[in-house]
Amino acid sequence: FTGNQEPPTRGVEPLVKIAALEPDSAQWGINFPNQYSTLLKTGTNNTRTSYGGSDPISKLEADPRLVTLFAGYGFSKDYNEERGHMNSLTDVRATLRVNDKTPGTCYSCKSSNNPGLWDQMGMAAFDKMPFAELGTHIDEPIGCANCHEAETMRLVVTNPALAEALAAQGKDWTTFTRQEMRTVVCANCHVEYYFKGDGKYLTFPWENGTNIDQIAQYYAESFADGSFVKDWEHAQSGAPMIKIQHPEFEFFTANSTHYNAGVACADCHMPYTRDGAAKFSTHDVKSPLLNAEVACGACHTDVGYVTTRVKTIQDQVANTMSATQNAIIAAITTIEAAAALPGVNADLLTEARMLHRESQIYWDFIAAENSMGFHNPEEALRILANATDLARQAQLKAVEAAGSSEVLQTNGQ
Amino acid sequence: FTGNQEPPTRGVEPLVKIAALEPDSAQWGINFPNQYSTLLKTGTNNTRTSYGGSDPISKLEADPRLVTLFAGYGFSKDYNEERGHMNSLTDVRATLRVNDKTPGTCYSCKSSNNPGLWDQMGMAAFDKMPFAELGTHIDEPIGCANCHEAETMRLVVTNPALAEALAAQGKDWTTFTRQEMRTVVCANCHVEYYFKGDGKYLTFPWENGTNIDQIAQYYAESFADGSFVKDWEHAQSGAPMIKIQHPEFEFFTANSTHYNAGVACADCHMPYTRDGAAKFSTHDVKSPLLNAEVACGACHTDVGYVTTRVKTIQDQVANTMSATQNAIIAAITTIEAAAALPGVNADLLTEARMLHRESQIYWDFIAAENSMGFHNPEEALRILANATDLARQAQLKAVEAAGSSEVLQTNGQ
Amino acid sequence: MYVSDFTAYLGNNPSTCNNCHVMDAAYEGWYHGGHQSWTTCNDCHTPHDLIPKYWVKAKSGYHHVTAFIFNNIPDAIRAKESSKEIVQENCVRCHEETVSALFESPMEMDRFCFDCHRSTPHGERGISLLPYQHKEQDQ
Ligand SMILES: [Ca+2]
Ligand SMILES: [Ca+2]
């Protein structure tokens, strides 16, 4: 119904022609200065919010229990709060989680060079190449080419892993509506993934569907058939573990209030902004709490009310998550103690370890998700309730394996 | 700001003068036929919804685990889905939970005779009188006098226990706004209560506040100082138990989305209805899902969307609650087994029982609340997460008390 | 004040309000909402006793024009408390008969009509107020 108003982009004649898959955002910026200049802002944001924001503090220092939870894995050495898109390249190169054996796959979500490289060499070769070697071909952080098609400026799926994961579910993203693409474009990166096989092929575990129960089932099946057994072995409990990473897309789309109401990621994280007469989507993607008037105000008249609720929800989730962590750590220490006993029942011990694995998959789905539950509050809390239950069952199973209650240290409970 | 409107004279001249505290709703109905005729409808509603409605099915048949959870108490014998206000008298007289020792207190929330009786004899005498004897003075179900002051038709606190509970918190209800009273008037009855002392004095456990943590703390304190130890002793675990009952008011007002947005009980359960030209509050109080177009439609344009969400939320809560019940039952059977062992550690066994009590208080707060979590979804799920954790801790403590893992029956986990 | 065509404010034509691009969302919402065929902006947004009506126009007109000159247009335009009260009086002015029972209470009616009727004046919240629903023009 806005036929009476020209969309801002159509009014301006393109100044330069942008080559297909052009990695350099500055080139695109000649035609679209507002989008470009706001994208640049993501490089220097460093405000903190109660549970988010762009200050790259160490998550491990903020909550040392994470060191125990990730014992034996890179995430127990270096794990920071994430920040804006322009920092992606700096940060992936600086993290201690990267080492000599790191594959190129780790660049998948960090650079606007990728669409061009995938086009030239294919994703299998990209992923297989060592990180250090691939790095010599990469010099741009996230940019326009990660989200847009140069010719039309349409939002597109640029990551082959996403196209494949959707196809595996029988979905053809080229049929998606514009409003759907305003969420799906973020799924190029804000999704759980793993490295499949020796080629470290980037894969999203979506074959059964994208909600937590379906993802947990996927990893149970890949364990059973040996196709993907673990990300790492837990140093204390000995369980074969899965690390969950930034499942924003899967979590938000799991019947959340906002998703079901037709709201997209871009509505909150890239709200329309005015500069003089022009209206455009801000590309300064960050915590919406830092500009709630714009991000929430378009739909909610009382912005004070909704931001207060965000706090209420996040506090509830954080408290419940804290209890879950205590339960998992109790399970870990009890399993460790049981495993040290000579007469331990091996079958029951294995069962206890599998319960630890399962419990931590559920917990990490909420811990690794970056909204402290806000994207889908009820789902967050029911997942944590389940994670706690599983962790306590793991602990009970370890006691059963031990046969005696001595393995229960009082502080572990 | 409604100064441009005629002063609040009634459109209709009152036909009869209603005596103060008049128990007979038909008298009031002469002046207010719409309200009276809709109140009468609550007597014959018998539609079922997924988790509510007015079909008085047995909760014990629907979920036999309740028989174990309430073992040793009246609620394991007879416990039905509640129905409309006009059935209150029939139902309290029919329930098997009433026996020779039942005090008059059980009539507190069932009749419009009460305000008059409280005025004449005082609440202490009312509560002390045996149920059967008090019954001879009572012939009306819930009616106008339970909510309105006859002279002015204002909403009022009629139950002395509510006035006292508010006063204990330093609140004076006569200063409440009209919108507040549209919720508080329901708190005359839709609240957790207990019978204090030998006089079975009706008391709301609100001294520390009305949320679950504050209520649990109240009962912990009343246990410690002996002022109120238990509702009953659990037949299997031997724990001193508390039964929670219909805490709709406490649960809804604990920072729920709707409460914080200024919505009141009457907005959903007594929405404005049109009859000819004038709007009035329907007094056919029932599940809003049975007339969602009216109950939700004024605020939410997409009624299909909100009712689908109710289903999503209720399913999530029901599933999570089911897991909590399994955990509590596992605790009960493990404690029972531990207690049967000759060498059991008595201190640890007591700790296990107290954890069972605590866990069930949290669970019952959601189970006894009648919206299957909808009134405050996040609060429901975080409470259930806590209840499950406590139940599993009770079970672990019982194993510790037993010293051996033999008390863990496989099916109990 | 010279920079704007202030006299245009004195009319009753909704497109006058829509002279300002920033009012697009409100205009579109009204156009697609339930009241379009019954009411214009001024039916709701200005008092209907003759004198106060123009007093309010002068007052909010000053707000509007200074907002433009100093380029401090708020990110999300929201009705001020005072203008909400004016709108409320206008709801009652038209719907007096329907809502008379609501005012019979001896306690003050302490809510706005549009606390419940959230989409009546400007269409569906989050739908007509937002650009994303341009389904018909895209794909
Ligand atoms: Ca961040
Ligand atoms: Ca019912």
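Each chain gets a letter, A, B and so on, in the order the sequences are listed, and its residues count up from 1.
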Portion of [X] that has a non-hydrogen atom of chain A nearer than 4.5 angstrom:
X         : value
Thr257(B) : both
Thr388(B) : side chain
Ala261(B) : both

*Checking heavy atoms, do the side chain of Asn260(A), its backbone, both or neither come under 4.5 Å from chain B?*
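For Asn260(A), backbone and side chain are both near chain B.
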_Shorter than 4.5 Å, heavy atoms on both sides: which option in Ala385(A), Ala391(A), Gly403(A) has the most such pairs with chain B?_
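It is Gly403(A).
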*Between Leu384(B), Thr320(B), Asn319(B), which is the residue that forms a side-chain contact (heavy atoms from CB on, under 4.5 Å) with Arg382(A)?*
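Per the side-chain contact (heavy atoms from CB on, under 4.5 Å) rule, the option paired with Arg382(A) is Thr320(B), out of Leu384(B), Thr320(B), Asn319(B).
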Would you indicate whether [X], at its atom [atom1], is surrounded by more than 12 heavy atoms from other residues, nucleotides or ligands within a distance under 6.0 Å?
X         : atom1 : answer
Tyr259(B) : OH    : no
Glu180(A) : CD    : yes
Glu406(A) : CD    : no

*Least distance between heavy atoms, Ser405(A) atom then Val399(B) atom*: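 Answer, listing the atom of Ser405(A) first, then Val399(B): CB-O, 3.7 Å.
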*Just by modelled atom types, is the Asn255(A) backbone N or O under 3.5 Å from a matching donor or acceptor in the Arg309(B) side chain?*
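Judged by distance alone, yes, a pair lies under 3.5 Å.
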_Distance (rounded to the nearest 0.5 Å) between Glu379(A) CD and Ile313(B) CD1_ =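 Output value for this atom pair is 12.0 Å.
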*What do the steps show when you test Leu396(A) against Gln395(B) for side chain to side chain contact (heavy atoms under 4.5 Å, CB included), and what is the final call?*
CA-CA 8 Å; Leu396(A) 283 156; Gln395(B) 194 184 3; 3.1 Å; yes
